[in-house]
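We name chains A, B, ... by the order of the sequence lines, and we start the count at 1 in each one.
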Amino acid sequence: MLAKPNRIVRADDYRNTVRRGRKSATAHCVVYVRPESAPTDAPRFGFIVAKTVGNAVVRNTVRRRLKAVSHELLASGFPPERTDVVIRALPGSDAVRWSTLLQEITEVIGAKGVKR
RNA sequence: UGGGUCGGCAAGACGGUCGCGUCGCCUCACCUCCGGGUGCGGCGCCGAGGAACGUCCGGGCUCCACAGAGCAGGGCGGUGGGUAACACCCACCCGGGGCAACCCGCGAGACAGUGCAACAGAAAGCAGACCGCCACGGCGCACCUCUUCGGAGGUCGCCGGGGUAAGGGUGAAACGGUGGUGUAAGAGACCACCAGCGGUUCGGGUGACCGGCCGGCUCGGUAAACCUCGCCCGGAGCAAGGUCAGACAGAGAACGAUUCAGGCGGCUCGCCGAGUUCUCGGGUAGACCGCUGGAGCGCUGCGGCAACGUAGCGCCGAGAUAGAUGACCGUCCAUGCCGUGCAGCGCCGAGAGGCGCUGCACGGCAAGACAGAACCCGGCGUAGCAGCCGGCCCAUUCG
């Protein structure tokens, strides 16, 4: 779905993106976008799924669907280079239809960034 | 056919589009101390569970003296086996439940000692006696019978000192149970059977125990109360532990070296032994190893009632670290509900027909249990929708 270079893996990077990135909410997620922060050209994604969302199986599924959404975005060239994105899933996001989820996040990311 | 009981299997299938992680191979690029390393891309293999879960037991592994001894503490508790080990498993015994298959039991000891038992009941542990039963003695404006008229006998009531514990009632439990003999009334006082106890007794079994014989007739429960007995247990845990890289800033106090500084959870011994502990302040929490081939899995043979053991052959089946093992779509498969049609059965109706149940076909909708590895095994416990298969038992029908 998402290759290693497209993932945020350091706690510091999460912290900076959540604190300093621009924040916008959809019906099921909170999205933080911070441009010009990644060390390489590749945009990076990170995901936060709290225990309030569900048990381990549900959290895994939610995170995998968000990764699939991010992959769709990358394929259509949406997040600009060197941009960090953190998506925080809210309770209830396990029951959303796939098309709805994709549309919501695409709108938010598309409004924040310029198409490459 | 219906009901019950025990056990096993499986954990939706197939396809398409786009992807992820470990490992192996290849191409290209870069670096090189020429061993190799890093990165992009391609191909191939593999990629969650029966409970991966809870973390309740037991082990492996690692470190803590050389992992030792005693005490304390903890765990276990029918017997015999299995196992690396267990609180697990198998077989058997005993007790209880069930017509039965089968299920259930925190299954040692109450003649070592201490303690406990609400309510009820006369009485709860050592014998005793509330109601009652029984003779004996005394008393009576009581009653009946006989009378030689003096009284005698009996019934009833009261009192007295005795005998007795069968019956009543309470309780979870009342000093054996049932039936008889016996007696003034009764009682293991005696007898038969049963239950329990004891035996230098006989037989069976490795054993727990079982059966027989003999004996005198009897002695409560509770150890998920203290306790006693037997067996077992050193502690901490993969953030164990180790290598490399990197960062910072030290200061003060106490104790101590042929040793009771300190270390091995507590105490004593024993061992090791040169730095240890505390306070204030500051810093790092990166990479690699451990890390997955193992008490491993499958088949067949042999031993064993079984758990299991063993031999041969074959196989390799996850190693992530903001944490891979997937996302979306389609078809089929079971499942539930609704509708339509057909068939069978039952009921209602004079009839046309109507209603209900079951099965099949088609269409639509819903929806796919519980749940996600993190050092690894063996168990236990818990969660769990709908299924499939088999053994056994009971009832019924037919032969």
Side-chain angles (χ1 to χ4, degrees):
Chain A
M1 292 172 276
L2 270 182
K4 262 295 182 47
N6 293 116
R7 296 298 312 281
I8 300 174
V9 295
R10 296 292 302 271
D12 281 347
D13 297 335
Y14 267 92
R15 222 173 291 128
N16 289 333
T17 306
V18 170
R19 284 184 187 165
R20 300 187 184 145
R22 280 185 294 175
K23 172 181 170 185
S24 49
T26 74
H28 305 96
C29 301
V30 180
V31 182
Y32 306 87
V33 179
R34 189 176 185 227
E36 301 299 321
S37 61
T40 65
D41 286 347
R44 299 189 304 179
F45 288 90
F47 309 96
I48 301 173
V49 186
K51 281 194 176 178
T52 50
V53 175
N55 62 19
V57 175
V58 172
R59 293 201 304 275
N60 264 339
T61 307
V62 166
R63 182 165 36 79
R64 282 166 181 155
R65 296 178 82 200
L66 289 175
K67 284 161 82 173
V69 166
S70 305
H71 187 261
E72 293 279 317
L73 289 169
L74 275 178
S76 53
F78 247 114
E81 292 177 351
R82 301 171 61 80
T83 302
D84 278 349
V85 176
V86 169
I87 302 176
R88 181 195 297 275
L90 299 176
S93 52
D94 55 316
V96 195
R97 295 178 63 89
W98 163 253
S99 54
T100 311
L101 191 67
L102 181 61
Q103 189 187 352
E104 284 177 1
I105 295 179
T106 306
E107 282 173 3
V108 171
I109 303 285
K112 297 281 179 195
V114 184
K115 187 161 185 171
R116 274 188 287 178

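- The pairing partner recorded for A251(B) is U279(B), the criterion being a Watson-Crick or G-U wobble arrangement whose two distances lie under 3.5 angstrom.
- Between the CZ atom of R65(A) and the C1' atom of C20(B) there is a distance of 18 Å, given to the nearest Å.
- Taking atom CG on L102(A) and atom C1' on A327(B), their separation rounds to 11 Å, with Å as the unit.
- Comparing the C1' positions of C88(B) and G204(B) gives an interatomic distance of 33 Å, to the nearest angstrom.
- When the C1' atom is used for both C267(B) and A224(B), the distance is 32 Å, rounded to whole Å.
- Shown here, A152(B) forms a base pair with U145(B); the pair counts as Watson-Crick or G-U wobble because both key distances fall under 3.5 Å.
- Nucleotides C43(B) and C28(B) are separated by 15 Å at their C1' atoms, to the nearest Å.
- In this structure G113(B) sits in the anti conformation; its chi angle is more than 90° from 0.
- Look at G50(B): its glycosidic torsion is within 90° of 0, and that puts it in the syn range.
- Taking atom P on both nucleotides, C25(B) is separated from G54(B) by 39 Å, rounded to a whole Å.
- With R65(A) contributing its side chain and V96(A) its backbone, the two residues share a donor-acceptor pair below 3.5 Å.
- Across all strands shown, U243(B) is found opposite A287(B) as a Watson-Crick or G-U wobble partner, with both distances under 3.5 Å.
- In this structure, C226(B) forms a base pair with G113(B), meeting either the Watson-Crick or the G-U wobble geometry with both donor-acceptor distances under 3.5 Å.
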Atom pairs, N/O to N/O, protein against nucleotides 320-322 of chain B, distance under 3.5 Å?
{"from": "U321(B)", "atom 1": "OP1", "to": "K4(A)", "atom 2": "NZ", "distance (Å)": "2.8"}
{"from": "A322(B)", "atom 1": "O3'", "to": "R7(A)", "atom 2": "NH2", "distance (Å)": "3.2"}
{"from": "A322(B)", "atom 1": "O2'", "to": "I8(A)", "atom 2": "O", "distance (Å)": "2.7"}
{"from": "A322(B)", "atom 1": "O2'", "to": "Y14(A)", "atom 2": "OH", "distance (Å)": "3.1"}

Show me, pair by pair, the donor-acceptor contacts under 3.5 angstrom made by side chains of residues 52-60 of chain A, not counting sequence neighbours?
{"from": "N55(A)", "atom 1": "OD1", "to": "V57(A)", "atom 2": "N", "distance (Å)": "3.3"}
{"from": "N55(A)", "atom 1": "OD1", "to": "V58(A)", "atom 2": "N", "distance (Å)": "3.1"}
{"from": "R59(A)", "atom 1": "NH1", "to": "G54(A)", "atom 2": "O", "distance (Å)": "2.9"}
{"from": "N60(A)", "atom 1": "OD1", "to": "R63(A)", "atom 2": "NH2", "distance (Å)": "2.3"}

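- E72(A) contributes atom CD, which lies 11.5 Å from atom CD1 of I105(A) (distance to the nearest 0.5 angstrom).
- Using a 4.5 Å heavy-atom threshold, the side chains of F45(A) and K67(A) count as separate.
- Between G74(B) and A254(B), the distance separating the two P atoms is 42 Å to the nearest Å.
- Nucleotide C269(B) forms a Watson-Crick or G-U wobble pair with G68(B), both donor-acceptor distances falling under 3.5 Å.
- When all heavy atoms of I8(A) and G46(A) are compared, the pair lying nearest together is CD1-N, 3.8 Å.
- Rounding to whole angstrom units, CD of residue Q103(A) and C1' of C328(B) are separated by 16 Å.
- If you take atom C1' in G97(B) and the same atom in G4(B), they sit 16 Å apart, rounded to whole Å.
- In this structure A386(B) sits in the anti conformation; its chi angle is more than 90° from 0.
- Searching all strands for a Watson-Crick or G-U wobble partner of G346(B) with both distances below 3.5 Å returns C355(B).
- Here, A52(B) and A11(B) have their C1' atoms 14 Å apart, quoted to the whole Å.
- In this structure, CZ of F45(A) is placed 14 Å from P of C20(B), rounded to the nearest angstrom.
- Look at CG on L74(A): it is 19 Å from P on A327(B), rounded to the nearest Å.
- Side-chain contact between N16(A) and D84(A) is absent, with no heavy atoms from C-beta onward closer than 4.5 Å.
- Classified by its glycosidic torsion, G363(B) falls in the anti category, the angle being over 90° from 0.
- Applying the 90° cutoff around 0 to the glycosidic angle, G317(B) is assigned syn.
- Contact record, A27(A) with L90(A): O-CD1, 4.4 Å, taken as the closest heavy-atom pair.
- With A327(B), A371(B), A48(B) as the candidates, the nucleotide lying closest to the side chain of V57(A) is A371(B).
- Rounding to the nearest 0.5 Å gives a distance of 5.0 Å between CG of N6(A) and CG of L74(A).
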With side chain to side chain contact (heavy atoms under 4.5 Å, CB included) as the criterion, how do L73(A) and V85(A) come out once you've worked through the C-alpha distance, each side chain's angles and the decisive distance to 0.1 Å? CA-CA 12 Å; L73(A) 289 169; V85(A) 176; over 6 Å; no
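- Each of R97(A) and E72(A) has a nearest nucleotide on RNA chain B; the 5'-most of these lies closest to E72(A).
- When both pairing distances are held under 3.5 Å, U27(B) makes no Watson-Crick or G-U pair with any nucleotide shown.
- Using a distance-only test at 3.5 Å, with no hydrogens or angles considered, no donor-acceptor pair links the side chain of Y32(A) to the main chain of R20(A).
- A295(B): no Watson-Crick or G-U partner with both key distances under 3.5 Å is found in any strand.
- Comparing G344(B) with G368(B), their C1' atoms sit 34 Å apart, to the nearest whole Å.
- A straight line from CG of N55(A) to C1' of G372(B) spans 9 Å, rounded to a whole angstrom.
- Put simply, CG on D94(A) is 13 Å from P on A371(B), counting in whole angstrom units.
- Note: NE2 (H71(A)) to P (A324(B)) measures 16 Å, nearest angstrom.
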